[in-house]
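Structure record follows, encoded as structure tokens.
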There are 2 protein chains.
Amino acid sequence: MLQAGADIDTSETLTERQQAVLNAALRLLVEEGDNVTMTAVARRASCSKETLYKWFGDRDGLLTATVQWQASKVRVAPVDRKSLDLASLAASLERFASDWLKVISSDTSIALNRVAVGHAGSGKDDLGAIVLQNGRFALARRLKPVLEAGRQAGLLDFEDAETAFRTFFGLVGRDVQIRLLLGDRVELTEATIGGDARRATQQFLALFGANNRLKGL
Amino acid sequence: MLQAGADIDTSETLTERQQAVLNAALRLLVEEGDNVTMTAVARRASCSKETLYKWFGDRDGLLTATVQWQASKVRVAPVDRKSLDLASLAASLERFASDWLKVISSDTSIALNRVAVGHAGSGKDDLGAIVLQNGRFALARRLKPVLEAGRQAGLLDFEDAETAFRTFFGLVGRDVQIRLLLGDRVELTEATIGGDARRATQQFLALFGANNRLKGL
DNA sequence: CTAGAGGCGTACCGTACGTTACGGTTCGGC
DNA sequence: GCCGAACCGTAACGTACGGTACGCCTCTAG
């Protein structure tokens with residue numbers, strides 16, 4: 001399993017200038033992929049390489065800080081306290097699905113996941129763990145309470161919240177993320193995302209909604 | 001969309017020795033990730049670098065050949081002609097799910113997807129397209145006839161085979177592939193794979209089986 | 001038996017890039 | 001106005017690695 005605490009909030013310890021540098025590094029990462037050079041970051045951020053090394057140690061440190069910096073920015077608003085009826089539950093789920101699809105199809109997410117996947121092979125840093133914590137696991141942490149509330153209210157029926165979440169995750173994401181990461185051009189307009197979110201939600205409710213005959217899966 | 005014909009069969013044009021070299025490169029790729037060096041491949045394969053360059057052009061050529069070589073090996077047996085009852089349809093789907101989970105959780109698949117994802121950013125080669133063609137799209141090509149047959153036999157009900165396939169894909173894969181690619185240790189024993197395959201199949205049948213009330217999704 | 005092709009091992013070259021060092025500049029505190 | 005710290009820009013260093021050249025061996029054809 002992954003190290004806990006990989007998603008500590010770093011926005012406090014970073015000065016304004018450092019955040020600007022990390023934003024520059026992030027933009028460069030999106031444009032160039034993992035072959036960003038320290039020189040390029042320094043030039044883009046209008047800072048010296050010496051400063052980069054003083055602040056972030058080495059290249060891996062800079063990359064890690066950049067990923068954590070972006071991760072700290074996508075901290076999404078917790079779901080509104082549940083009003084416990086089917087319509088609002090469906091709306092919540094749909095919202096989660098839509099937000100999630102928007103995130104994974106964004107340029108920055110794709111770029112970050114690409115470098116994290118690339119680094120996951122040779123375990124020098126923990127970019128994979130960081131991305132996972134702030135992506136898939138953060139989503140689970142935010143969604144599970146909603147699922148549990150739905151169960152409490154008798155709207156959902158499942159054994160294990162984790163399993164239910166993973167099914168929802170699969171219904172929403174399907175092949176989108178891997179195709180995007182592998183460079184396939186998936187057309188994801190606002191409209192298709194909305195449609196996919198609704199479809200995934202309805203399918204999930206069909207599988208896990210209370211009072212239907214689909215039990216024991 | 002992706003280039004067609006990215007999955008041409010290369011096993012004819014390769015000599016025994018070349019295949020051995022590619023196998024060595026593949027093993028090294030699994031062990032070391034994308035930072036395999038030409039020297040390392042040459043040493044592992046007991047051949048000279050000059051030979052590598054003569055045969056494969058450059059490093060990208062070697063990588064591409066390696067990925068295609070592995071891809072050509074996983075060409076799976078086409079499904080047996082469908083005997084058109086629900087049990088055999090379910091068995092087929094379960095088999096597909098199980099095979100697919102075994103593939104994506106294998107060391108070689110993870111390694112290959114990692115380098116392909118890494119290379120997808122800076123579009124020098126088409127590793128992403130190759131992996132996609134021999135992975136996700138090959139699966140679709142093999143599974144869709146089964147789905148269509150199920151529909152013909154009145155066992156399945158869906159509008160679009162592509163959409164149905166993608167849902168099945170999501171139900172089977174869920175978060176497994178991205179977690180593995182990002183370095184998470186997902187425990188995937190023979191038993192859990194079997195269970196997941198059965199669960200995914202039942203869920204899919206619940207959503208797309210004929211004669212149930214879940215229409216219009 | 002010889003010639004030549006194919007291939008192994010290794011040394012070598014050029015370059016890109018991570019990392020370090022250094023001189024010049026800005027700026028807050030005295 | 002002066003000092004030191006922080007920082008910018010750039011030059012320099014070391015290394016790793018892609019790519020090439022070359023000497024030697026082996027094996028097959030004639």
Side-chain angles (χ1 to χ4, degrees), chain A residues 12-67 69 111 114-116 118-119 121-127, chain B residues 12-67 69 111 114-116 118-119 121-127:
Chain A
E12 311 306 323
T13 67
L14 291 174
T15 77
E16 200 72 36
R17 181 82 181 99
Q18 286 170 327
Q19 297 179 12
V21 169
L22 291 184
N23 279 332
L26 185 60
R27 289 205 311 278
L28 221 36
L29 209 60
V30 171
E31 297 170 16
E32 307 278 343
D34 196 6
N35 34 16
V36 270
T37 169
M38 298 296 277
T39 313
V41 173
R43 191 157 41 214
R44 176 71 69 99
S46 292
C47 75
S48 76
K49 288 207 273 180
E50 190 173 21
T51 304
L52 290 184
Y53 283 100
K54 179 186 296 189
W55 285 350
F56 306 108
D58 57 1
R59 188 176 185 275
D60 280 338
L62 174 61
L63 250 46
T64 303
T66 305
V67 172
W69 165 239
R114 285 217 179 111
V115 346
H119 281 232
S122 56
K124 304 198 308 173
D125 43 33
D126 289 328
L127 293 188
Chain B
E12 310 306 323
T13 67
L14 292 174
T15 75
E16 200 72 34
R17 182 81 182 101
Q18 286 170 328
Q19 296 179 13
V21 169
L22 290 184
N23 279 332
L26 186 60
R27 288 205 311 278
L28 221 37
L29 209 60
V30 172
E31 297 170 17
E32 307 277 342
D34 196 6
N35 34 15
V36 271
T37 169
M38 297 297 277
T39 311
V41 173
R43 192 157 39 217
R44 175 70 70 99
S46 292
C47 74
S48 75
K49 285 209 283 177
E50 191 171 20
T51 304
L52 291 183
Y53 283 101
K54 180 186 296 188
W55 285 349
F56 305 108
D58 57 1
R59 187 175 185 275
D60 279 338
L62 175 61
L63 250 46
T64 303
T66 304
V67 172
W69 165 239
R114 286 218 178 110
V115 347
H119 281 232
S122 57
K124 304 199 307 175
D125 43 33
D126 288 328
L127 292 189

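Proteins get letters first, then strands, A, B, ... in listed order; numbering begins at 1 in each.
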Sort me out a list of protein N/O and nucleotides 4-8 of chain D N/O pairs below 3.5 Å, or just none if empty.
from  : atom 1 : to      : atom 2 : distance (Å)
D:dC8 : OP1    : A:Arg17 : NE     : 3.2
D:dC8 : OP1    : A:Arg17 : NH2    : 2.9
D:dC8 : OP2    : A:Ser48 : N      : 3.3
D:dC8 : OP2    : A:Thr51 : OG1    : 2.8
D:dC8 : N4     : A:Glu50 : OE1    : 3.2

Check nucleotides 14-18 of chain D against the protein and report each pair of N or O atoms closer than 3.5 Å, with its distance, or say if there are none.
from   : atom 1 : to      : atom 2 : distance (Å)
D:dG18 : OP1    : B:Arg59 : NE     : 3.0
D:dG18 : OP2    : B:Thr37 : OG1    : 2.8
D:dG18 : OP2    : B:Met38 : N      : 3.0

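Across every non-hydrogen atom of A:Asp58 and A:Met38, the tightest pair is C-CE, 4.4 Å. Closest approach of B:Asp34 and B:His119 over heavy atoms only: OD2-NE2, 3.0 Å. Minimum interatomic distance between A:Ala25 and A:Val41 (heavy atoms only, all atoms of both residues): CB-CG1, 4.1 Å.
A side-chain contact (heavy atoms from CB on, under 4.5 Å) with B:Phe56 is found for one member of B:Leu22, B:Leu63, B:Thr64 and no other, namely B:Leu22.
A straight line from CG of A:Leu62 to P of C:dG18 spans 10 Å, rounded to a whole angstrom. If you measure from atom CG of A:Asp60 to atom C1' of C:dC17, you get 14 Å, rounded to the nearest angstrom. Here the P atom of nucleotide D:dA21 and the CG atom of B:Leu52 are 16 Å apart, to the nearest Å.
For A:Glu32 and A:Arg44, the salt-bridge test fails: no basic side-chain N is under 4.0 Å from an acidic carboxylate O. Salt bridge absent: A:Asp125 and A:Arg59 never bring a charged side-chain N and a carboxylate O closer than 4.0 Å.
Checked by atom type and distance alone, the side chain of B:Thr51 never pairs as donor or acceptor with a backbone atom of B:Cys47 at under 3.5 Å.
Residues B:Thr37 and B:Leu28 fail the side-chain proximity criterion, which asks for heavy atoms closer than 4.5 Å.
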